[in-house]
Amino acid sequence: MFSSIALRQARHLSTATAAAAAASSTSSSTISISKAKSKLKAEHDPDKALEIYSSVSDRYISPLSSRYAQEYAVKRLAKSHRFSDIENFLESHKNSPQITQEPFLSSIIRSYGVAGMFDHALKIYDQMDDLGTPRSAISFNVLLSACVHSKLYDRVAQLFDEMPVKYEFLPDKVSYGILIRSYCEMGSPEMAMERLKEMEEKGVEITTVTFTTILHSFYKKGKSDEADCVWNEMVKRGCGPDVGAYNVKIMNIQGGDPEGVKALIEEMSDAGLKPDTISYNYLMTCYCRNELMDEAQKVYEDLERTGCNPNAATFRTLIFYLCKKGRFETGYKVFKESVRVNKIPDFNTLKYLVEGLVKRSKLKDAKGMSRTVKKKFPPNLVKAWTKLEEELGLTKVEAGDNGVQ
DNA sequence: CTAGGGTTAG
């Protein structure tokens, strides 16, 4: 196990090192960051992802997109368990003159968090003084997020009590928000409520997001009364509810009657809020679960008119339930739309669909779908899909289906 | 350019 990873790392090290070198220099400019973004999304090979990252020309013009590209490359490497390559890649950024800028250094901490390498994140945070980077809550908040990302919830509280004293800065509303999130993740909204009091005392603003975090946690524990209290407190203070808070409320009732979901969506519209894709996904899913497929399809079809775009969850859920009800032809149409907007569902959902098409003798559609899937999936899934094709007999040339028609 | 809440079948 270990040796195979080591081998793979050795084989790829040269590319990673080259990309790392390019990342710390300003040369090799060939493509724009927006183009890199769309290329990265379709690229599953971590080495190629690194190449795309290092070929970006306007990194300094668009730091936000640059951070995105960096994170993306790291995500791909992490998926391949190439942690020493991630280290080479990210550590090389320390040679950049920009390292004295806190946001630049913070993006490295963030990337380590994304890779689940919290020890590395903490190390560079502690090195800031040596690197000449000034500290504020910015880097601290990124560090706390990295901690949450690595699911080290109890360490969040520890860092929260330790770092501001050690490095002399004040935690802000965001720091508190992350702390409260980690209490909620640990199943303790009560502890979170305690910290709200502390925020009050110190005059730190309590945001809608923070309230919503606690709201969700109480619902999750089945404590609806406490959740209602949080909701009322939020309203009383005039900070919300917003669309996100409403969506948490909808989530809590979506297992029931679709009319209840519909009513809440209307309530939010009446309150001057614009329900978003997530709100409508809840409604669509609720219809699906209640076997009201025409209504579910209508929600999907109306999405554009309401100014919302279907997302990956929309496609996945709808295609799954359409298959479940035997509506494979419609499922195929929805699939084609998901391809068009580059949000195709996962392997199992698509397996369900292609099997249904074969069962209904829609071989031409099944084959067309198969070709598309193989173009969009990463190599390991293409392999599994090819096996599925063989099992379904899609590789055979049937009479009357010789490709001429 | 600091963060953060809410979605996804069986």
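A, B, ... follow the sequence lines: proteins, then strands. Residue 1 opens every chain.
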For the pair made of [atom1] in [X] and [atom2] in [N], what is the distance, rounded to whole Å?
X: A:F335; N: B:dA9; atom1: CZ; atom2: P; result: 20 Å
X: A:R316; N: B:dG10; atom1: CZ; atom2: C1'; result: 10 Å
X: A:I344; N: B:dT8; atom1: CD1; atom2: P; result: 20 Å
X: A:Q98; N: B:dC1; atom1: CD; atom2: P; result: 14 Å
X: A:L318; N: B:dT7; atom1: CG; atom2: C1'; result: 14 Å
X: A:Y246; N: B:dT7; atom1: OH; atom2: P; result: 18 Å
X: A:Y280; N: B:dG6; atom1: OH; atom2: P; result: 21 Å
X: A:E71; N: B:dC1; atom1: CD; atom2: P; result: 17 Å

Between [N] and [X], is there an OP1 or OP2 to side-chain N/O distance shorter than 4.0 Å?
X: A:S145; N: B:dG4; answer: yes
X: A:R110; N: B:dA3; answer: yes
X: A:K324; N: B:dG10; answer: yes

Which of these nucleotides, [options], is closest to any side-chain atom of [X]?
X: A:Q101; options: B:dT2, B:dC1, B:dA3; answer: B:dC1
X: A:N348; options: B:dG6, B:dT7, B:dG10; answer: B:dG10
X: A:N281; options: B:dT7, B:dA9, B:dT2; answer: B:dT7
X: A:I178; options: B:dA3, B:dT7, B:dA9; answer: B:dA3
X: A:V142; options: B:dA9, B:dT7, B:dA3; answer: B:dA3
X: A:Y321; options: B:dG6, B:dG10, B:dA3; answer: B:dG10
X: A:D172; options: B:dC1, B:dT2, B:dG10; answer: B:dT2

Under 4.0 Å, heavy atoms only, any strand: does [X] hit a base, just the sugar-phosphate, or nothing?
X: A:S106; value: nothing
X: A:T207; value: base
X: A:F315; value: nothing
X: A:V148; value: nothing
X: A:S279; value: nothing

Checklist entry - Taking NZ, NE, NH1 and NH2 as the nitrogens, is one of them in A:D129 or A:R135 under 4.0 Å from a carboxylate oxygen of the other? => result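 Yes, A:D129 and A:R135 are salt-bridged.
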
Item to check | Pair A:Y246-A:E267, side-chain hydrogen bond (donor to acceptor under 3.5 Å, both in side chains): steps then yes or no | outcome: CA-CA 9 Å; A:Y246 261 105; A:E267 189 186 313; 2.8 Å; yes

Checklist entry - A:S139 and A:E102: which non-hydrogen atoms are nearest, and at how many Å? => result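 Nearest pair, atom of A:S139 first, then A:E102: OG-OE2, 2.7 Å.
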
Checklist entry - Is A:T133 reaching over with its side chain to a backbone N or O of A:I99, donor-acceptor style, under 3.5 angstrom? => result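 Looks like yes, one N/O pair under 3.5 Å.
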
Checklist entry - When only distance counts, do a donor and an acceptor, one from the side chain of A:D276 and one from the base of B:dG6, lie under 3.5 Å apart? => result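 Counting by modelled atom types and ignoring angles, a donor-acceptor contact under 3.5 Å is found here.
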
Next on the checklist: Assess the residue pair A:T207 and A:T210 against the criterion (side-chain hydrogen bond (donor to acceptor under 3.5 Å, both in side chains)); give the C-alpha distance rounded to whole Å, side-chain angles, the decisive distance to 0.1 Å, and a yes or no.
Outcome noted: CA-CA 5 Å; A:T207 66; A:T210 304; 3.1 Å; yes

Next on the checklist: As a quick check of understanding, evaluate side chain to side chain contact (heavy atoms under 4.5 Å, CB included) for A:F83 and A:L77, giving each step before the final call.
Outcome noted: CA-CA 7 Å; A:F83 300 110; A:L77 283 167; over 6 Å; no

